[in-house]
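Reading through the structure tokens given below for one structure.
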Amino acid sequence: MDEQTRLMHSHTGVGMAGHPGLPQHMQEGTGGTDGDGRKQDIGDILQQIMTITDQSLDEAQARKHALNCHRMKPALFNVLCEIKEKTVLSIRGAQEEEPPDPQLMRLDNMLLAEGVSGPEKGGGSAAAAAAAAASGGVGADNSAEHSDYRAKLTQIRQIYHTELEKYEQACNEFTTHVMNLLREQSRTRPISPKEIERMVNIIHRKFSSIQMQLKQSTCEAVMILRSRFLDARRKRRNFNKQATEILNEYFYSHLSNPYPSEEAKEELAKKCAITVAQVSNWFGNKRIRYKKNIGKFQEEANMYAARTAVNAANASSHGSQANSPSTPNSAGSSCTRDMPITW
DNA sequence: TGCTATGATTCAAG
DNA sequence: CTTGAATCATAGCA
């Protein structure tokens, strides 16, 4: 008993030293023999609290009940809450209200830009279009890859939202649980609403750090998907034979000036079911490769020249000479062997 | 598996 | 912007 009284004394002494807001009578020790009823009350309560752990469970329950019903209990709890509040605040006062994490903001922005966390419709295709636009034109035959990309993005999006929801739900459940627990405990130990609020904040911060991990891995997944998509675009796929023939036909029948106008490119693109950019690529490659090694292309050149000649002949024999697409100068002759390059 | 053909990309020049 | 030139990376073939 003496020991506990001493402990109690030192407890209150330490806790209240220099505390300006404390009632004077609480700073004067306990268990005095004077007749002050309130002081006696406080002493009783504190003593009961200190001895409660030494008691049997039943006894403790009964004590607890008695304490809860004690008329001085609310006042004592208020004071203890106040002390706690002051000490806790002094320990970690300023670190509340931290600014928004820049990394989190970056992740959020990226998820929004990729259409993962934004509004439901259109986000995926917008991102696909952005990814495509990042490296030149998009062929019509890329649509399969597009939809694949979109499907995968949707998948990522769904997983992200499911997980996010799960975390939020877990967070809410846990918060409610902790709040209930604290409220329950606030009947037996001094817990102020402010403290509960602070605890809730701590929980939220923990959960948002978990969410950040989710966001981070989602971003990584999108990046990987995106790079794969761009790699897939880089994969070469030969044009079909018909398209190649159409392009070659144009090239060799315009050998003196193989620079199709924008309209011609568009028409060729339409005929070959490829993009204008691909037509430009093809002509660019063709010109440079032809010029580099005319000999190698001689046979091909003759073949196409002959073919256009036959076409022209057929067309004229059928009466409609009008608009054969060919030959400013070389189509008529069946041999391009000595065609000088002027371009 | 190595080689060539070929579509795409990059970069500098105009 | 277009073009030429170099280069990359894969398709397709022997």
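The sequence lines fix the lettering, A, B, ..., with proteins before strands; numbering per chain opens at 1.
Set against B:dT6, C:dA6, B:dT9, the side chain of A:Asn281 has B:dT9 as its closest nucleotide. Which of C:dG4, C:dT2, B:dA5 sits closest to the side chain of A:Lys296 comes down to B:dA5. Closest contact between the side chain of A:Asn238 and the listed nucleotides C:dG4, C:dA11, C:dT2 involves C:dA11.
Counting distance only, with no hydrogens placed and no angle test, the side-chain atoms of A:Asn285 and the base atoms of B:dA8 include a donor-acceptor pair under 3.5 Å. On a pure distance criterion of 3.5 Å, a polar donor-acceptor pair joins the side chain of A:Arg289 and the base of C:dT7.
Straight-line distance from the OH atom of A:Tyr290 to the P atom of B:dA5: 16 Å, rounded to whole Å. Going from atom CG of A:Asn293 over to atom C1' of B:dT6 covers 15 Å, rounded to whole Å. For the pair A:Lys291 NZ and C:dA6 P, the interatomic distance rounds to 11 Å; values are reported in whole Å. When the P atom of B:dA12 is taken as reference, atom CD1 of A:Ile288 falls 17 Å away, rounded to whole Å. Between A:Gln278 atom CD and B:dT6 atom C1' there is a gap of 12 Å when expressed in whole angstrom units. We find that NZ of A:Lys292 is positioned 8 Å from P of C:dA5, with the value rounded to whole Å. The CZ atom of A:Arg237 sits 11 Å away from the C1' atom of C:dT10 (whole-angstrom rounding). As rounded to whole Å, 12 Å separates atom C1' of B:dT6 from atom CD of A:Glu300.
Ion pairing of A:Glu163 with A:Lys166 is present here, as a side-chain N (NZ or NE/NH1/NH2) and a carboxylate O approach within less than 4.0 Å. For the pair A:Lys271 and A:Glu249, the salt-bridge criterion is not met [side-chain N within less than 4.0 Å of a carboxylate O].
Note on A:Lys286: nothing from the nucleic acid sits closer than 4.0 angstrom, heavy atoms only.
Side-chain contact between A:Tyr252 and A:Met303: absent, with no pair of heavy atoms (C-beta onward) separated by less than 4.5 Å. Side-chain atoms of A:Thr244 and A:Asn240, non-hydrogen and from C-beta on, never get closer than 4.5 Å to each other. Taking 4.5 Å as the limit, every side-chain heavy atom of A:Phe251 sits out of range of all side-chain heavy atoms of A:Tyr304.
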